[in-house]
Amino acid sequence: MAIGDKSGNAAVTNEAGSGGAAARSNDERYDPQRVETKWFERWKQDASLYAAERDSQKKKYYVLEMLPYPSGVLHMGHVRNYAIGDALARYMWMKGYNVLHPMGWDSFGLPAENAAISNHTPPREWTLGNIANMKAQMKRLGFAYDWSREVTTCLPDYYRWNQWFFLKLYEQGLVYRKKSKVNWCPKCATVLANEQVLGNGCCWRHDDTPVEQRELEQWFVRITKYAEELLLDLDQLKDWPEKVRTMQRNWVGRSEGTLVDFKLDGNGGPAGSSISVFTTRVDTIYGATSVQLAPEHPLVADFIRHNQPLEADVRKLIAEQRKAKETGDIGEIEKHGVNTHRFAVNPFSGEKIPIWIANYIVMDYGTGAIMSVPAHDERDYEFAKKYKLEVRLVILPIANDPEETMTEPQLPFVAHAGMTINSGRFSGLSCADAIRKMSAYAEEQGFGKATVTYRLKDWGISRQRYWGTPIPMLYCEKDGIVPVPEDQLPVLLPAKVDITLTGGSPLSKVSEFVNATCPKCGGPARRETDTMDTFVDSSWYFYRYTDAHNERAPFDGKVAQYWFPIDQYIGGVEHAILHLIYSRFWTKFMRDMGMITNDEPVERLFTQGMVIKDGAKMSKSLGNVVSPDDMIAQYGADAARLYSLFAAPPDRDLDWQDTGIEGIQRFLGRVYRFFVRQARPGDPEWQKPAPAELSPQARSIQRKLHQTIKRVSDDFQGRWHFNTCISAIMELVNVLYGAEEAIAQRLVPLALLGEVQRNVVLLLAPFAPYLAHELWEMLGEQGSVLHARWPEYDAALAQEEEIEIPVQVNGKLRGRIVVPAEAEEAFVIERALADEKVKAAVAGKQMVKKIYVPGKMVNLVAK
RNA sequence: GCGAAAGUGGCGGAAUUGGCAGACGCACCAGACUUAGGAUCUGGCGGGUAAAACCGUGGGGGUUCGAGUCCCCCCUUUCGCACCA
């Protein structure tokens, strides 16, 4: 076996500084720590290495990974996410684009406050320390970010623009103040985020204390103003995963229906009051035999006032409902209700029907009141059966045959198409027709109207917490709510704050912060002490990257216009709703303000799968966490990145296997050793382009090279199955190993060998930047491989000259023949029939059919 | 309950349009080199058989010359939604 020829070691001597074939095995050894440290130090010297160009003539490409929360250390999910984005960014650079690939920190949020409490570190210090740590990890991993555009949301130069946007929203009536229910722990005496309420409905710090619902004044962003557009524009987001679009569609939850007012029947109630009911099936209203109220419906309090014994029952219903909501099985709640012994009047029929309060009616959808039509709704049916309420059929199925008599359907009959009966003047109509006519009639008569209901609620952004953007509002006794004037921004978050979880918002106890002057009257005013939801920060951060140091505006619209929309956004599917819907809202709001021209922030969205180990998500409690630092120390950054791309297609979950990354490490070493043996940078012959005439063996190497370039390029353009890209490169390297003897015997022209090596480095560059840079230098190339041109494949060179065709007889594989790629059908069939095994298989049979699928296979059908 | 995705060797996965199932990698086995091997190189590796035949992509049916891929029914897993009126 010939392992390299001695002259090839010329490349090594300037590299490892040693010589002599005897020491070969040691010199050839790939030491990722040595190589990666070397390049890490070099890259550190050049801050502008990955900077996007300004005023570039090149086509732009904005690739973005979702910014992390600086929790302390990177985990493998981050590594995978950024490895995908980094590969794409590097590929696009090599394709000649002006690439924007920034990174930042979603650095406000609760964990910093918890850390402050548990280790007495100020949130700012803790957060900035984590950022420094994670940034160092990212650099060590070799991610090509333009750090000159780094955005840190917890710093005033960023959050002042949150405040500025808040003022703009306020000016336009898109932010308003409203009482709203919040989770309140009586022991902590503070508000809890939903995430801090345990499954049993208790406080996370006091697991024996049930959380109460309290009404608090909160700031709300009127995202519902854009509900329709947020829904409609989903159709344009063709390069978003269908799953995400569906989730957003459901989240917006548009539902067309009719509002109908049922007047309260006189005795004892407030005169003229009525119950507004939302229904999608007003055509069934003559079948309504009761009205059902949510236990938390405002009218219920009124009923209780007139009928005290009701209170206990209602409390029970509320408790049942809340518990079911908390445990997540509101769908399976056993239906309970209580009769108020009051009546409502069906405005269509004039009929008096009883009013009930039921635990399955929720206040936060529709109007919190329904008309109950047991005959045509499963839930109403179940309830009516239980409480012996009347079931009245008002829709019949439409018979296919007009002669056929309509039979009464089995109840409940949830009809989508049918004909109304027992419905007064609206009898005999199709359902669709009845809905249209009855809605119109209700509107005409002034007791209802067609309407659209959304599940989407306005976005409550007030948080009674310290580590967030202060809401720039003042409360003046004389002037009421007064916005902080723009020129007084930012409202700085005070550094010295005593963070405890008692007594409400930490800021409310900082008197220097709270006490302010009213800009209108000059009198004393009190500052808003709530801070903003951190989703505000992440709703527009990617615009800031385009103009990160602008001190006069969040960003320059012209600059943003060059870069937007984001060409490719990459992140976890867990952000499919909140972050991505708030971001879409913010873009539309900024567009309507005239700041930008794009309707949507993100052109293409990619959601990568989770990193799991031993079948479960990595978590400290399971003890199956793999630390990136350990992986870097043991195998190197390239190996960690490459493995996270190789182990599974990026959209699927990745099952981390420690032995798997060893295989990648082996592969990287294999590549390195081949180059150490075969690079001949000083040889002019090796630098030349490959000759046109090649031996079959040389030709097969060249063919494999072009096939590999094609496979890798196609995947970048299309389906992103980087796992198969990497296996394709492995195959190419395996071919090169198999050819070493031929190389030694000079059967492969040096010119081709050089060409193949240069291309192997280019193909590896997006995935394994450290090794690629090392090899590029080893090849004697000038400049960074990052700015080398991505190779183009030659279809003719990738083309096989001879192909192996499987021959089936009656669909079973019986033989293989080798034919020229361009062979005619008749020739191929003839050769197939001449094959010994095929002959044996068809012996004594009658040939029925001969099928040749060009270039693929032959199937002979014989009986 | 509704919706979506998935189910392929001992394992991760490949098969891009209906055309050789198991690429590539791991693990394992054998050989080479070696003072040594948890390094490296070479070969083998779905089941079955002496070799074939034959059997094999969750199960059952179907379409087709041909099905992992298309159609129907069922099972399992994961994710999302869920009295949404």
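Order of the sequence lines fixes the chain letters, A, B, ..., with proteins taken first and strands second; residue numbering starts at 1 for each chain.
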Chemist: Is the base of B:G9 syn or anti, if syn means a glycosidic angle within 90° of 0?
Modeler: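 What B:G9 shows is a syn base, its glycosidic angle lying within 90° of 0.
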Chemist: Check A:Asp835 with A:Lys837, please: is the shortest side-chain N to carboxylate O separation under 4.0 Å?
Modeler: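 Result for this pair is no, no salt bridge flagged.
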Chemist: Hey, does A:Gln292 reach any base, or is it just sugar-phosphate, or nothing, if we go heavy atoms under 4.0 Å?
Modeler: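 Touches nothing.
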Chemist: Tell me whether A:Arg677 is salt-bridged to A:Glu740, with the criterion being a basic N under 4.0 Å from an acidic carboxylate O.
Modeler: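 Salt bridge flag = yes for A:Glu740 with A:Arg677.
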Chemist: Under 4.0 Å between a side-chain N/O of A:Tyr360 and OP1 or OP2 of B:A85, yes or no?
Modeler: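 No, outside the criterion.
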Chemist: Any strand is fair game: report the nucleotide pairing with B:G7 by Watson-Crick or G-U wobble, both distances under 3.5 Å, or none.
Modeler: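 B:G7 is paired, partner B:C75.
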Chemist: May I ask you to verify if any side-chain N or O of A:Asn734 is less than 4.0 angstrom from the OP1 or OP2 atom of B:G25?
Modeler: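 Checking A:Asn734 against B:G25: at least one side-chain N or O falls below 4.0 Å of OP1 or OP2.
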Chemist: Rounded to whole Å, please give me the gap between CD in A:Gln321 and C1' in B:A82.
Modeler: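 From A:Gln321 CD to B:A82 C1': 14 Å.
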Chemist: Looking at B:G25, I'd like to know if its phosphate oxygens (OP1 or OP2) sit under 4.0 Å from a side-chain N or O belonging to A:Arg670.
Modeler: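 Checking B:G25 against A:Arg670, no side-chain N or O comes under 4.0 Å of OP1 or OP2.
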Chemist: In this structure, which one of A:Val300, A:Val291, A:Leu299 forms a side chain to side chain contact (heavy atoms under 4.5 Å, CB included) with A:Ile357?
Modeler: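 Only one option passes, and that is A:Val300.
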Chemist: Using a 4.0 Å heavy-atom cut-off, does A:Lys850 contact any base of the nucleic acid, only the sugar-phosphate backbone, or nothing at all?
Modeler: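 Counting heavy atoms under 4.0 Å across all strands, no contact is made by A:Lys850.
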Chemist: Base, sugar-phosphate, or nothing for A:Asp714, non-hydrogen atoms under 4.0 angstrom?
Modeler: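 The answer is nothing, as A:Asp714 stays clear of every strand by at least 4.0 Å.
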